[in-house]
Student: 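This is the structure, below, for whatever I ask next.
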Amino acid sequence: MNERPAKLGAWGYLLLTAVTLVISIYFFFFDSTKGNIALFCLPIWMGYSVFNLIKSISDMIGARNRIANFTRMLDRWQDTLGTRGSALALLAFMTLAVGGVKIAVPFILMML
């Protein structure tokens, strides 16, 4: 029952990870105002983002572990919160919150 929202959540996570990788690459190669911390930390963040992107893609085409994990998580939240709508709202909020933090990291690194 929760497989379709779980797929959307997994695709959202994949998309937000790709966006943070593109932003990091842009800042690293095309922004000349970065400091020493950004010069050191941006490649580490890019490596982390590439790892997560590859892992997400392999989960989408391989064993589908991420979708199964999202489905189980939605089922638990639905049992805990009582309604499917609340569980879906929590999934949307958590996906956007994690994506927002991921997108904010390159901007924070550029400020340091």
Side-chain angles (χ1 to χ4, degrees):
M1 181 163 113
N2 286 325
E3 188 171 332
R4 186 168 182 215
K7 284 182 185 178
L8 288 174
W11 277 104
Y13 181 83
L14 177 72
L15 179 66
L16 291 169
T17 302
V19 167
T20 192
L21 179 62
V22 169
I23 291 171
S24 298
I25 289 171
Y26 173 79
F27 281 155
F28 187 73
F29 288 111
F30 301 113
D31 192 350
S32 61
T33 62
K34 60 184 163 287
N36 290 334
I37 294 174
L39 190 62
F40 177 74
C41 292
L42 274 174
I44 295 170
W45 185 252
M46 286 187 290
Y48 172 75
S49 297
V50 167
F51 169 76
N52 274 333
L53 195 63
I54 291 170
K55 187 174 181 291
S56 293
I57 291 171
S58 69
D59 281 346
M60 297 298 268
I61 61 176
R64 300 189 178 266
N65 291 335
R66 186 171 304 267
I67 294 172
N69 289 341
F70 275 38
T71 304
R72 283 192 296 273
M73 179 180 61
L74 275 170
D75 291 339
R76 280 186 300 228
W77 286 350
Q78 187 172 343
D79 291 342
T80 302
L81 298 173
T83 64
R84 185 170 188 250
S86 298
L88 295 177
L90 185 57
L91 175 68
F93 173 75
M94 294 299 287
T95 302
L96 292 175
V98 169
V101 169
K102 282 185 163 193
I103 290 173
V105 167
F107 288 100
I108 292 169
L109 290 175
M110 290 303 291
M111 288 185 220
L112 298 177

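The chain is numbered in sequence order, starting from 1.
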Student: Is there a path from Leu39 to Leu42 through hydrophobic residues (I, L, V, M, F, W, Y) whose side chains come within less than 4.5 Å of each other?
Tutor: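 Same cluster: Leu39 reaches Leu42 through Ile, Leu, Val, Met, Phe, Trp or Tyr contacts under 4.5 Å.
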Student: Going by atom type alone, with no hydrogens or angles, which donor-acceptor pairs under 3.5 Å involve a side-chain atom of residues 105-112 and a protein atom two or more places apart or on another chain?
Tutor:
none

Student: In terms of hydrophobic clusters joined by side-chain contacts under 4.5 Å, are Phe27 and Ile37 together?
Tutor: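 Same cluster.
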Student: In the hydrophobic cluster built from side-chain contacts under 4.5 Å, what are the other members alongside Tyr13?
Tutor: Val98
Student: Shared ILVMFWY cluster between Ile103 and Leu96, side chains joined below 4.5 angstrom?
Tutor: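 No, it is not one cluster - the side chains of Ile103 and Leu96 are not joined through contacts under 4.5 Å.
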Student: Which heavy atom of Leu74 sits nearest to which heavy atom of Ala87, and what is that distance?
Tutor: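 Looks like CD2-O, 3.6 Å.
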Student: Between the side chain of Thr20 and the main-chain N/O of Lys102, is any donor-acceptor distance below 3.5 Å?
Tutor: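 Between the backbone of Lys102 and the side chain of Thr20 there is a qualifying donor-acceptor contact (under 3.5 Å).
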Student: Tell me whether the count of non-hydrogen atoms from other residues, nucleotides or ligands lying under 6.0 Å of NZ in Lys55 goes above 12.
Tutor: no
Student: Just wondering, are more than 12 heavy atoms of other shown residues or ligands nearer than 6.0 Å to CG in Asn36?
Tutor: no
Student: Once rounded to the nearest 0.5 Å, what's the spacing between atom CG of Asn52 and atom OG of Ser56?
Tutor: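 So the CG of Asn52 and the OG of Ser56 are separated by 6.0 Å.
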Student: Just how far is it from atom CZ of Arg4 to atom CG of Leu88, taken to the nearest 0.5 Å?
Tutor: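 Arg4 atom CZ to Leu88 atom CG measures 11.0 Å (nearest 0.5 Å).
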Student: Are Leu14 and Phe51 connected, step by step, through hydrophobic side chains (Ile, Leu, Val, Met, Phe, Trp, Tyr) whose heavy atoms are closer than 4.5 Å?
Tutor: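 They do not share one cluster, since no chain of ILVMFWY contacts under 4.5 Å joins Leu14 to Phe51.
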Student: In the hydrophobic clustering that connects Ile, Leu, Val, Met, Phe, Trp and Tyr at side-chain heavy-atom distances below 4.5 Å, which members other than Phe40 occupy its cluster, ordered by chain and number?
Tutor: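 Its cluster partners, ordered by chain and number, are Ile44.
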Student: When you group the ILVMFWY residues by side-chain heavy-atom contacts below 4.5 Å and let the links chain together, are Val50 and Ile25 in the same group?
Tutor: yes
Student: How long is the span from the CD1 atom in Ile23 to the CE atom in Met46, to the nearest 0.5 Å?
Tutor: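 Here the rounded value is 13.0 Å.
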Student: What's the spacing between Thr71 OG1 and Lys7 NZ if we round to 0.5 Å?
Tutor: 9.0 Å
Student: Distance from Leu15 atom CG to Leu53 atom CG, nearest 0.5 Å?
Tutor: 10.0 Å
Student: Got a second to check how far Thr80's OG1 is from Asp75's CG, nearest 0.5 Å?
Tutor: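 Output value for this atom pair is 10.5 Å.
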